[in-house]
Amino acid sequence: MSGLDVIIEDLSTHPQCIHGPTLLFSRDVNGEKRSFYACSACRDRKQCSFFIWKDEIERYENKKIKKQILDHQRSVDHRKLFLKLNKVKAVPENQRIYCHTCSVLDLNDVLENHKDHKLINGLSDYQLEHPSEFFPPLEDAKKEAQYLFSKPCVKTIVELLKTMCYKHIICVGTPRIFEYINGDSTLGMNAFLLDFDSRYHSFFGPLEFGWYNIFNNHFFKKESEDVFNSYLQSKSASDTILITDPPFGGRIEPIADTLKKINNKFKRINRTENDLPIFWIFPYFMESHILNGMDNFSMLDYKVDYENHPLFQKGKKGRKFGSPVRIFTNLTNSSIILPADEGYKYCNICDRWVSEENKHCNKCKSCTSKDGRTYLHCNLCKKCVKPSWQHCEKCKRCAQKDHSCEEFPFKKSCFHCKEAGHKKRDCPKVNHQELSKKRKIGLKTKTKAKKSKRDKSVF
Ligand SMILES: C[S@@+](CC[C@H](N)C(=O)[O-])C[C@H]1O[C@@H](n2cnc3c(N)ncnc32)[C@H](O)[C@@H]1O
Ligand SMILES: [Zn+2]
Ligand SMILES: [Zn+2]
Ligand SMILES: [Zn+2]
Ligand SMILES: [Zn+2]
Ligand SMILES: [Zn+2]
Ligand SMILES: [Zn+2]
């Protein structure tokens, strides 16, 4: 691990930043553990600078932050925005505008307010119901990290939910699923969106969208917490499921804590012993961490495909063996039928659906692939391993062919986040788009540097 621990406890006593109650972290400082409060949602201090050592909390002056919190909440008037939405819906398409610079939906008679701004002119009804398709994604890996599902993936997931007869879908950070369901009345399903991105206020009414932070279960507006509670309650409990795709860079522990809190509330208000079914979408190499926090969860073999993430796609641009992102769920694996037309098949020994390349190993007594390749059994390790690995006599275990025995097992962990099981090039905590941009700039600079050297040598 990264040496930074998050302490899961009652958040109501914690100081707040504009993103709700902070989290308590602890890290080694000169060999001693020291705890501090910091923002639950932003890992980059530039985005939220809140920081206070726990042992200095007495000296903490919270007047200024209280005002910032109020200003932040008041920056959005959802009722007013909903009225504006209805006004915009009532005029012909060519009179509707959306300003990316101001993040507002408007009528084109106020164009002078948006001089030199980045605008979309003429929004169709479809666009009004599917803003995630034209919003420039906020791709800050340390905050929103908005990686959007590909269209076929959204369709497959919604069909899966429909086949299982779920009608009320709580979408936490899954705007594409929300938009697909609420945009198609023939499905006989409805959805409620909870998301950190306040741009959705302009497109969805207070009864279908709540501004929310999953890392501390915080509703920015009290009213949306009330609406969410009644959404949880008023529907027949057995028809409800929650689907979440939180930013991959975020900590697992607070997400797990939030999901447990929502589940407890669901059971309490519906007076049921049955858990709220949950789909939690996350990379396969986080499996052990997730199962650590959620003991009744298991991982499905379905590969979740993204539109705007180079590593989480299938096809030419993506990894050879498909997206590493999977669905973790508290539903029994055997009840989830994966699409046969995408190559998924049923293993009757494991009693679950697995991907095409996942072969049943009679020695391990399971279909062992995790990463999308067919794993091979090693008799010495007594388990299946990645096909690119080899048994190393020195280390007495299977490892990558080019591993260095001295450094093992450290070399196996990611250079960036220090988690085991993947390399930096596959790390979900790296902003790969930013990195490839930087690399390109780097390359250009290098080429320029070479050129100028050459130029100099000519003279
Ligand atoms: C990895 S994207 C998932 C989007 C999803 N794949 C889709 O296509 O619908 C993360 C989503 O969670 C939202 N989000 C980011 N930080 C959040 C937070 N702290 N609490 C709740 N939602 C958050 C983002 O705005 C985004 O919609
Ligand atoms: Zn904050
Ligand atoms: Zn503007
Ligand atoms: Zn099997
Ligand atoms: Zn095996
Ligand atoms: Zn081995
Ligand atoms: Zn070795």
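Note that the numbering runs from 1 along the sequence shown for the chain. Each ligand, and each atom within it, is numbered from 1 in the order the structure gives.
For Asp125 and Lys89, the salt-bridge test fails: no basic side-chain N is under 4.0 Å from an acidic carboxylate O. Using a 4.0 Å cut-off between charged side-chain N and carboxylate O, Arg251 and Glu253 make a salt bridge. The pair Asp301-Lys345 fails the salt-bridge criterion, with no side-chain N (NZ, NE, NH1 or NH2) lying under 4.0 Å from an Asp/Glu carboxylate O. Between Glu133 and Lys151, at least one side-chain N (NZ, or NE/NH1/NH2) sits under 4.0 Å from a carboxylate O, which counts as a salt bridge. Salt bridge absent: Lys54 and Glu9 never bring a charged side-chain N and a carboxylate O closer than 4.0 Å.
With a heavy-atom cut-off of 4.0 Å, Phe178 does not touch ligand 1 at all.
For ligand 1, none of its N or O atoms has an N or O atom of Leu194 under 3.5 Å away. Considering backbone and side-chain atoms together, Arg176 places an N or O closer than 3.5 Å to an N or O of ligand 1. At least one N or O atom of Pro175 sits closer than 3.5 Å to an N or O atom of ligand 1. Considering both main-chain and side-chain atoms, Tyr147 comes within under 3.5 Å of ligand 1 through a nitrogen or oxygen pair.
In summary, the atoms of ligand 1 found under 4.0 Å from a heavy atom of Tyr212, numbered by their order in the structure, are 20 (N), 21 (C). Ligand-side atoms of ligand 1 in range of Pro247: 15 (C), 16 (N), range being under 4.0 angstrom from any heavy atom. Using a 4.0 Å cut-off to heavy atoms of Phe215, the atoms of ligand 1 that qualify are 19 (N). For ligand 1, the atoms closer than 4.0 angstrom to any heavy atom of Tyr306 are 6 (N). Proximity to Asp197 (heavy-atom distance under 4.0 Å) selects the following atoms of ligand 1: 25 (O). Atoms of ligand 1 found under 4.0 Å from any heavy atom of Thr174 (numbered from 1 in listed order, with element): 9 (O). Set against the non-hydrogen atoms of Asn213, the atoms of ligand 1 under 4.0 Å away are 18 (C), 19 (N), 20 (N).
Vertex the Zn ion (ligand 4); arms to Cys350 atom SG and Cys347 atom SG; angle 110° (nearest 10°). Rounded to 10°, the angle that ND1 of His377 and SG of Cys364 form at the Zn ion (ligand 5) is 100°.
Nearest heavy-atom pair, Phe285 versus Pro324, reported as atom, atom and distance to 0.1 Å: CE2-CB, 4.3 Å.
When the shell of 6.0 Å around NZ of Lys261 is examined, it contains more than 12 heavy atoms from other residues, nucleotides or ligands.
Checked against the Zn ion (ligand 4), the N, O or S atom of His360 at the shortest distance is ND1.
Under 2.8 Å from the Zn ion (ligand 4) lies no N/O/S atom of Cys361, from backbone or side chain alike.
The aromatic rings of Phe134 and Tyr98 lie perpendicular to each other, with more than 60° between the two planes, well past the 30° mark.
Between the side chains of Arg199 and Ser103, no donor-acceptor pair is found at a separation under 3.5 Å.
Residue Asp195 holds the heavy atom nearest to atom 27 (O) of ligand 1 of all those in Asp245, Leu193, Asp195, Ile255. Relative to atom 18 (C) of ligand 1, the option among Trp211, Phe196, Phe149 with the closest non-hydrogen atom is Phe196.
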Tabulate below the donor-acceptor pairs under 3.5 Å that side-chain atoms of residues 77-84 make, not counting sequence neighbours, or state none.
residue	atom	partner	partner atom	Å
Asp77	OD1	Arg79	N	3.3
Asp77	OD1	Lys80	N	3.2
His78	NE2	Phe204	O	2.7
Lys84	NZ	Asp106	OD1	3.4

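Aromatic pair Phe135/Tyr200: centroids less than 6.0 angstrom apart.
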